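Heads up: the structure comes next, in structure tokens.
Order of listing sets the numbers, starting from 1, for every ligand and every atom in it. In this chain, residues are counted from 1 in sequence order. No hydrogens, no waters, no symmetry mates; every other heavy atom, side chains included, goes into these values. Given the structure is predicted, the values throughout are model-derived calculations rather than measurements.
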Amino acid sequence: MSFSNFKVQAPSNIALIKYWGKKENQIPQNPSLSMTLSKSVTINDFKVKSGHGELDFSFNEKVSNQFSSKIENLFLMLKKKYPILNEYHFTVQSMNTFPHSSGIASSASSMAAFSYGILSFLNQLKVLSTDVLVETSYFARLGSGSACRSVYGPFVEWGITSNDYAKTVLNHTSLNQLRDSIFIVSDQPKKISSSKGHQLMNTNPFAKVRYERANHKVIKVAELLKTGDWETLGPMIEAEALELHGLMLMGDSPFFLIEPETIKLINYIQNYREKTKAQIYFTLDAGPNVHLLYPQTFDQEVKEISKLFLSEGWIKSVIHDHAGDGVKYL
Ligand code: PMV
């Protein structure tokens with residue numbers, strides 16, 4: 001007998017100020033702040049029947065997939081706190097609206113979608129002692145740190161108010177639809193996982209100064225989001241992206257994730273801005289792909305730039321996304 005069939009979705013997010021370095025239990029070494037995406041989402045189809053705490057999770061119809069072990073661990077943590085889950089059998093079919101391995105933070109949307117599905121179900125059973133979104137953010141964080149920010153939108157901080165879960169920050173209405181066009185330089189899996197990157201921060205000689213700087217930066221960025229001062233925010237976001245990649249180059253086990261095309265696009269955008277005054281800025285995640293952030297007034301300019309980069313074969317594809325809300329019950 002089927003008890004409940006429902007669907008949820010959770011978006012990916014792009015950090016403006018990055019989380020890089022963590023303590024035990026996914027507690028960040030510094031606060032971070034991100035923009036939630038709109039079109040790049042994970043959709044989870046839940047089927048719940050009576051059982052004994054089983055979970056059949058598949059991603060793109062594959063039972064064995066890159067998320068299986070993280071999802072299993074997350075489910076164990078959820079069952080520990082909510083033993084009532086042992087009375088049910090969950091079948092979860094998961095899929096992404098963005099290409100597999102496109103370099104978009106897919107574990108963030110995946111962990112947020114799974115947590116939201118289970119916690120929405122528990123909410124219907126009226127067994128949650130806290131708000132369903134706060135609890136979703138808490139558990140999403142245990143799945144993958146940055147996932148806690150995917151619960152809300154359009155702009156979200158983690159580590160200013162609490163290290164346990166994320167919270168929305170206010171923004172000026174002019175930034176509600178801020179664009180993120182993701183130029184896919186490589187669709188190959190990352191050379192170094194973010195878990196490894198976080199771990200290397202433990203021996204990074206610049207870690208202390210980095211964490212102090214990040215603390216100042218999130219406060220400043222949160223203020224600028226409120227006033228909507230994009231011309232001051234843009235350069236800060238770019239510098240932060242290069243600081244993240246700079247950290248990767250320091251220490252005893254340096255590594256770099258950028259590719260020649262990453263630099264080509266960065267140079268192009270900086271020259272283009274200089275020439276045209278178009279307020280288009282870039283950020284990078286822990287990979288070679290370039291996120292162009294800009295107000296919607298520059299849609300046409302970015303379409304032209306993407307046409308050029310695609311026709312020259314410098315990039316594989318482009319995803320035109322924009323700021324959006326967090327998790328949704330479909
Ligand atoms: O959530 P994780 O463990 O995949 O780490 C994310 C790290 C960055 O994407 C580089 C930065 C961030 O804050 O999202």
Side-chain angles (χ1 to χ4, degrees), residues 10-37 40 42 66-67 69-71 73-74 98 101-115 137-153 155-160 163-167 169 180 182 189-202 204 207 210-211 213-215 217-218 221-222 236-249 255-258 262 282-291 293 326:
S12 183
N13 71 75
I14 177 72
L16 308 182
I17 300 300
K18 318 288 182 181
Y19 148 58
W20 201 238
K22 65 177 168 185
K23 304 177 195 165
E24 289 274 287
N25 298 325
Q26 314 269 64
I27 296 296
Q29 289 280 10
N30 66 263
S32 55
L33 200 154
S34 57
M35 175 175 121
T36 300
L37 299 183
S40 307
T42 296
Q66 74 264 43
F67 303 116
S69 67
K70 276 188 172 181
I71 292 281
N73 277 338
L74 183 52
F98 47 97
S101 287
S102 60
I104 301 185
S106 52
S107 64
S109 54
S110 180
M111 298 304 134
F114 182 75
S115 304
S137 182
Y138 177 89
F139 276 100
R141 180 198 105 235
L142 295 176
S144 171
S146 57
C148 69
R149 299 186 311 237
S150 278
V151 175
Y152 305 100
F155 295 93
V156 184
E157 61 88 0
W158 168 36
I160 300 179
N163 281 330
D164 290 336
Y165 50 84
K167 249 187 129 192
V169 293
D180 178 7
I182 311 161
K190 286 183 208 166
K191 283 191 275 183
I192 300 272
S193 68
S194 19
S195 319
K196 182 77 187 157
H198 289 296
Q199 194 196 326
L200 286 170
M201 278 304 284
N202 293 335
N204 189 307
R210 159 63 190 167
Y211 301 145
R213 283 171 62 76
N215 266 290
K217 288 190 197 192
V218 269
V221 167
M236 284 189 71
I237 291 169
E238 280 194 357
E240 166 68 1
L242 297 179
E243 187 164 311
L244 169 73
H245 284 259
L247 288 163
M248 297 173 191
L249 297 174
F255 59 100
F256 59 93
L257 300 180
I258 51 178
T262 314
F282 71 84
T283 187
L284 304 166
D285 212 339
N289 301 324
V290 182
H291 292 244
L293 301 174

Run through Ser194, Ser32, Pro28 and flag the one making a side-chain contact (heavy atoms from CB on, under 4.5 Å) with Trp20. Ser194

Exercise: identify the closest heavy-atom pair between Leu74 and Ser115: CD2-OG, 3.6 Å

Is Lys22 touching ligand 1 with its side chain, its backbone, both, or neither, if touching means heavy atoms under 4.0 Å apart? neither

Lys196 atom NZ, neighbour heavy-atom count above 12 within 6.0 Å: no

With atoms numbered from 1 as shown, which atoms in ligand 1 lie under 4.0 angstrom from a non-hydrogen atom of Ala15? 12 (C), 13 (O), 14 (O)

For ligand 1, which atoms, with element, lie under 4.0 Å from some heavy atom of Asp285? 8 (C), 9 (O), 10 (C)

Could you list the atoms of ligand 1 found under 4.0 angstrom from a heavy atom of Ser146? 1 (O), 2 (P), 6 (C), 14 (O)

Within 4.0 Å of some non-hydrogen atom of Arg149, the atoms of ligand 1 are 12 (C), 13 (O), 14 (O)

Below 4.0 angstrom from a heavy atom of Gly145, which ligand 1 atoms are there? Numbered from 1 as shown, please. 1 (O)

Going by distance only, is there an N or O of Ser144 that falls short of 3.5 Å from an N or O of ligand 1? yes

With a 4.5 Å heavy-atom cut-off, do Met35 and Val156 have their side chains touching? no

Which atoms of ligand 1 sit under 4.0 Å from any heavy atom of Ala286? 10 (C)

Whether Arg141 side chain and Tyr165 backbone form a donor-acceptor pair below 3.5 Å: no

With Lys18 as partner, the option from Asn30, Thr283, Asp285 fulfilling side chain to side chain donor-acceptor pair (under 3.5 Å) is Thr283

Just heavy atoms, cut-off under 4.0 Å: does Gln26 contact ligand 1 by side chain, backbone, both, or neither? neither

Geometric N/O contact His198 with ligand 1, under 3.5 angstrom: yes

Assign the ring pair Trp158 / Tyr19 to parallel, tilted or perpendicular, where the plane angle (0 to 90°) is split at 30° and 60°. perpendicular

Is it the side chain, the backbone, both or neither of Ser194 that has a heavy atom closer than 4.0 Å to ligand 1? side chain

Would you find a donor on one side and an acceptor on the other, under 3.5 Å apart, between the side chain of Thr36 and the backbone of Ser150? no

